[in-house]
Amino acid sequence: MRQPVLALSVVVSVFLPLSVAKGDETRSPIRFSEHLIADGYAYAYGIAAVDFDGDGDLDVSSADYTPHNKLYLYENDGVAHFTRHVIQENDPERLERHMAGDVDGDGDLDIVIVKNLRGHLLWFENDGTPNDDALWQRHVITTDLPGAYDVALADFDGDGDLDVAASSWVLGNQFAWFENGATAADGQWRKHLIEVDVPETRTMRVADFDGDGDADLLGTVRQAATVVWYENRRDGESVAWQRHVIDDKSINPAHGNPADMDGDGDLDVVMALGFYFRPDDDDPAASKRRDDNRVVWYENTPARGDGTWPRHTIVTRLDDAFEAIAGDLDGDGDIDVAATTWRNPGRVVWLENRGDPRGDWTLHPLKDDWRSANQVLIADLDGDGRFDIIACAERGSNELRWWRNEGR
């Protein structure tokens, strides 16, 4: 059913302070305005921003779980007015994180999504008319990934179609990839384990970290305090994975993403650390010190040849830091970061790179007291050439919002 969404009702404008000088150029402030896309969720977690209908602008997909059990597509009219379409319903429990890609090779973008707890990976087929208010056809990749949590898409085996990699939270404690068979719609997906018995897998992202042209993987293991990358050692269409540790000394890595933070041509990693922060809790898996709650970036240094990834702190004492993602938000040619914190009390911030990513950064708040803020994206929703920020928040808020980059 087509439902209009008042996506452009301005809630608040955030005016940011003057930044420091960079060279001979003094940068004027940029500002963001906040907009509600939708509220009234049962549990808002899992979003993507891509052009589902092929009209040249970015639409937004968003998952909503029990008792709603739906997947929404917010159709963008080109200037970020959104119309909601239900593309899946009556799929009980936790439809959550998802990724868009052309799974069946027909030229449009489908959705691969986790069904947390039940251990399912599903994909929903875009038939080329995604906004016609018909449900997208449902396909099963696997029912054998307990606690299915995060997904990434790439052609891991080099056979020309998209495969799927996934993490599995505490119920599965594994990373796995699923090989797309001759035709994805036939359900012929073979499961391959990457690593097992790793406590609480979270992040799963694709990046070519070693620059050899194939798809490697980034992962986090929260309760083992490990950020890891898996090197794709493909031989023909046979794939083996070599494990490399990025960091095994920082408490509770949660969610991060690849990005070239220092502009040297290889992919680094930006990461949120410290989630789940409960200083007075006896939970051994919780972080206890505020200083452990931070956003950092790990420097890819292949020239060293020793496999080390120096850690550079962007901000500390960001309680319950949940997810970090990178992009040039202020248009000055370097890479900034957007981040969320889950509780204590739940925030969205952007972190300004002041020219040297190894130096000082400036924190700019976008939203405070937004309980259970979780996934965050950077994308140009209104087509003005500036990156905006999209985020959702689950229990206590249950909303999907975006922050328009108003420029300088």
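These numbers come from a predicted model, not from an experiment. Just so you know, residue 1 is the first one in the sequence shown, and it goes up from there.
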Problem set entry | Worked check of side-chain contact (heavy atoms from CB on, under 4.5 Å) between Asp262 and Arg358 | CA-CA 8 Å; Asp262 52 6; Arg358 300 171 187 83; 3.2 Å; yes

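With respect to the salt-bridge test (charged N to carboxylate O, under 4.0 angstrom), the residues Arg97 and Glu323 qualify.
Rounded to the nearest 0.5 Å, atoms CG (Asp328) and CG (Asp336) are 5.5 Å apart. How far CG of Asp53 is from CG of Leu73: 7.0 Å, rounded to the nearest 0.5 Å.
Here the closest heavy-atom approach between residue Asn293 and residue Gly274 is recorded as OD1-O, 3.5 Å. Of all heavy-atom pairs between Asn300 and Asp268, the closest is N-OD1, 2.8 Å. When every heavy atom of Asn180 is checked against every heavy atom of Val103, the shortest pair comes out as ND2-O, 3.3 Å. The two residues Asp212 and Asn232 come nearest to each other via the heavy atoms OD2-O, 4.2 Å.
No option in Phe322, Trp403, Trp342 other than Trp403 meets the ring-ring contact (aromatic ring centres under 6.0 Å, His included) test with Trp370. Screening Trp241, Phe209, Trp177, Phe175 for a ring-ring contact (aromatic ring centres under 6.0 Å, His included) involving Tyr230 leaves a single residue, Phe175. Of the residues listed (Thr313, Thr316, Asp319), the one engaging Arg294 in a side-chain hydrogen bond (donor to acceptor under 3.5 Å, both in side chains) is Thr313, and it is the only one.
Side-chain atoms of Val86 and Leu71, non-hydrogen and from C-beta on, never get closer than 4.5 Å to each other. You'll find the side chain of Thr226 reaches within 4.5 Å of the side chain of Arg243, heavy atoms only. You'll find the side chain of Arg347 reaches within 4.5 Å of the side chain of Pro365, heavy atoms only. For the pair Ser250 and Val296, the minimum side-chain heavy-atom distance is 4.5 Å or more. Between Met261 and Tyr298, every side-chain heavy-atom pair lies at or beyond the 4.5 Å cut-off. Using a 4.5 Å cut-off on side-chain heavy atoms (C-beta onward), Arg395 and Arg343 make contact.
Panel note: side chain Arg278, backbone Asp280; no donor-acceptor pair is recorded below 3.5 Å. A side-chain donor-acceptor contact under 3.5 Å links Thr142 to the backbone of Asp144. Checked by atom type and distance alone, the side chain of Asp64 never pairs as donor or acceptor with a backbone atom of Ala44 at under 3.5 Å. With hydrogens and angles ignored, the 3.5 Å screen pairs a side-chain donor or acceptor of Thr301 with a backbone N or O of Thr308.
Under a cutoff of 6.0 Å and an axis angle of 45°, Arg94 and Tyr45 do not form a cation-pi pair.
Aromatic ring orientation, His364 versus Trp350: parallel (interplanar angle below 30°, classes split at 30° and 60°).
Inspection of the Arg202 and Tyr149 side chains reveals an N or O donor paired with an N or O acceptor under 3.5 Å.
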